[in-house]
A.B. asks: 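Could you have a look at this structure, given as structure tokens, before my questions?
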Amino acid sequence: MSVVVQKYGGSSVADTDKIRAIAEGIIERKKTDPNIVVVVSAMGKTTDGYINMAKSVTDKPCKRELDALLSTGEMISASMLAITLEALGCKAISYNAYQLDIHTSGNHGKSLIDDINVDRIQESLDEGYVVVVTGFQGINDEGDITTLGRGGSDTSAVALAVKLNGKCEIYTDVDGVYFTDPRAYADAKKLDEIEYEEMLELASLGAKVMHSRSIELAQKYGVEVYVGRTCGTVKGTYIRGGKNMKLEDKVITGIATSDADSSITIKELDMDNVSALFEDIANKSISVDMISQTAPIDGKLNVSFTIPKDEVDECIELAKKYTSDENVAVDNEITKFSLVGLGMKHTSGVASKVFRIFKENNIRVKLITTSEIRITCAINTSDKEVAIQKMCEEFNV
Ligand code: ADP
Ligand code: ASP
Ligand code: MG
């Protein structure tokens, strides 16, 4: 009998009333789908609260201990859901990463799932239990608790669906995936379906409705992911690929924005030092995203690039090795504004339309990167709202 993996996000398990509502829904669903595995996030804003608590002690909490702290949030919600299901007369059992050997590798705070031993889950399902699993966490080679990165419970759910050969349903606080964040543009249209590639781009570029690595996994193993509202009645969005999609692609499927980066501009950099600078940055594991540089004049050039805001200080120190202090400028008020659509591959004139709209609305584009299915522009954060509105008026159709 097929397995259904459901995931409930933080706002969906924020208090005991909400947990009870979910439990009632699960009991109803079990009548038609007896094998249910539920992945939960931490209750409400618990994870933020724990991060703030650690940071009230030190700016840079030890990463191993921070993971140990954060993982407790999901343990509470998993056991609370199992307690509630049992109280409502439904057999339920919760498991954490240790109990299931959710094996991870890589760094604390952004570890990757290598494998999950699903034997215990399978046994419990065979015995008629609803199985509740802690999202967002794993155990590494040293036997230490790791976390997968913010929003990582989506990835836990897709990984379990892969291992259990099951369906994957993500329940959250909106009706599905929209053209853009419905909180930023109230008239954004909900999408019935979206291609893996497009969802992956949108998620990587700031659409936090899905953890981007969950989409990578889903695409790799061909798992269709349904996104809908917790206890909602409106039909949500299917994330899927290729032959199951409509024949023609839309030119622009969605817009994502991110304020997570700053831009750094270095003037009068000796052209021979460019590669050394970027090597230094890479050696510190700082991820550079958008880059542009001017043509060299007398062997000197200007280079601009974006990096995550919390890595700016470290990056400035590196840059100062190669130029004087006054030649390094930081802009913390930038927004990465991205338009994504598979139809861009075979439609010309999209970029010119985008730039025309920016120009007509006096929005200055500071940096640009493109791929076959995406245009990303760094703009001033103060222009974000207008940019969303104008681009939605043009493309949200
Ligand atoms: P959960 O706690 O359930 O994982 P998240 O807060 O991580 O929920 O993700 C849901 C939020 O994602 C929504 O409340 C919405 O504001 C935001 N979001 C951003 N982009 C989109 C989009 N394109 N479609 C739907 N929601 C989006
Ligand atoms: N609780 C974690 C977070 O807030 C994981 C998740 O919600 O997916 O990031
Ligand atoms: Mg989330």
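When a ligand or atom number is given, it counts from 1 through the structure's own listing order.
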A.B. asks: Counting N and O atoms only, with roles assigned by atom type, does the side chain of Lys18 sit under 3.5 Å from a partner on the main chain of Gly44, one being a donor and the other an acceptor?
C.D. replies: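 Not confirmed, Lys18 side chain does not pair with Gly44 backbone.
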A.B. asks: Taking both backbone and side-chain atoms of Gly10, is any N or O found less than 3.5 Å from an N or O belonging to ligand 1?
C.D. replies: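 Yes, there is a polar N/O contact under 3.5 Å.
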A.B. asks: Can you confirm, on distance only, whether ligand 1 has an N/O atom lying under 3.5 Å from any N/O atom belonging to Asp154?
C.D. replies: no
A.B. asks: Just to be sure I read this right, does ligand 1 sit under 4.0 Å from the backbone of Lys45, its side chain, both, or neither, counting only heavy atoms?
C.D. replies: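 It is neither part, as no heavy atom is under 4.0 Å.
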A.B. asks: Can Lys55 and Asp48 be counted as an ion pair, charged N to O under 4.0 angstrom?
C.D. replies: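 Result for this pair is no, no salt bridge flagged.
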A.B. asks: Does Lys45 reach ligand 2, in the sense of a heavy atom lying below 4.0 Å from it?
C.D. replies: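 Outside the 4.0 Å threshold, so no.
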A.B. asks: Counting only heavy atoms closer than 4.0 Å, does ligand 2 sit against the backbone of His211, its side chain, both, or neither?
C.D. replies: neither
A.B. asks: Indicate the atoms forming the closest heavy-atom contact of Ala157 with Val39, along with that distance.
C.D. replies: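 Shortest heavy-atom separation between Ala157 and Val39 comes out as CA-CG2, 3.8 Å.
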A.B. asks: Out of Met199, Lys208, Lys7, who gets a non-hydrogen atom closest to atom 4 (O) of ligand 1?
C.D. replies: Lys7
A.B. asks: Taking non-hydrogen atoms only, is Leu202 closer than 4.0 angstrom to ligand 1 via side chain, backbone, both or neither?
C.D. replies: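 Contact part for Leu202 vs ligand 1: neither.
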A.B. asks: Which of these, Val209, Asp173, Val13, has its nearest heavy atom closest to atom 13 (C) of ligand 1?
C.D. replies: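 That would be Asp173.
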A.B. asks: Using heavy atoms and a 4.0 Å limit, tell me yes or no: is Met210 in contact with ligand 1?
C.D. replies: no
A.B. asks: Hey, is Gly151 one of the residues with a heavy atom under 4.0 angstrom from ligand 2?
C.D. replies: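 Yes.
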A.B. asks: At a non-hydrogen distance cut-off of under 4.0 Å, which region of Val174 contacts ligand 1 (side chain, backbone, both, or neither)?
C.D. replies: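 The answer is the side chain of Val174.
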A.B. asks: Counting only heavy atoms closer than 4.0 Å, does ligand 1 sit against the backbone of Pro182, its side chain, both, or neither?
C.D. replies: side chain
A.B. asks: Please report which non-hydrogen protein atom sits nearest to atom 25 (C) of ligand 1, along with the residue it belongs to and the distance in Å to one decimal place.
C.D. replies: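 For atom 25 (C) of ligand 1, the nearest protein heavy atom is Gly176 O, 3.3 Å.
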A.B. asks: Can you find a non-hydrogen atom of Ala256 under 4.0 Å from ligand 1?
C.D. replies: no
A.B. asks: Yes or no: does Gly10 have any heavy atom under 4.0 Å from an atom of ligand 2?
C.D. replies: no
A.B. asks: With salt bridge (Lys or Arg N to Asp or Glu O under 4.0 Å) as the test, would you mind laying out the steps for Glu317 and Lys284 before giving the verdict?
C.D. replies: CA-CA 12 Å; Glu317 285 316 305; Lys284 293 276 179 192; over 6 Å; no
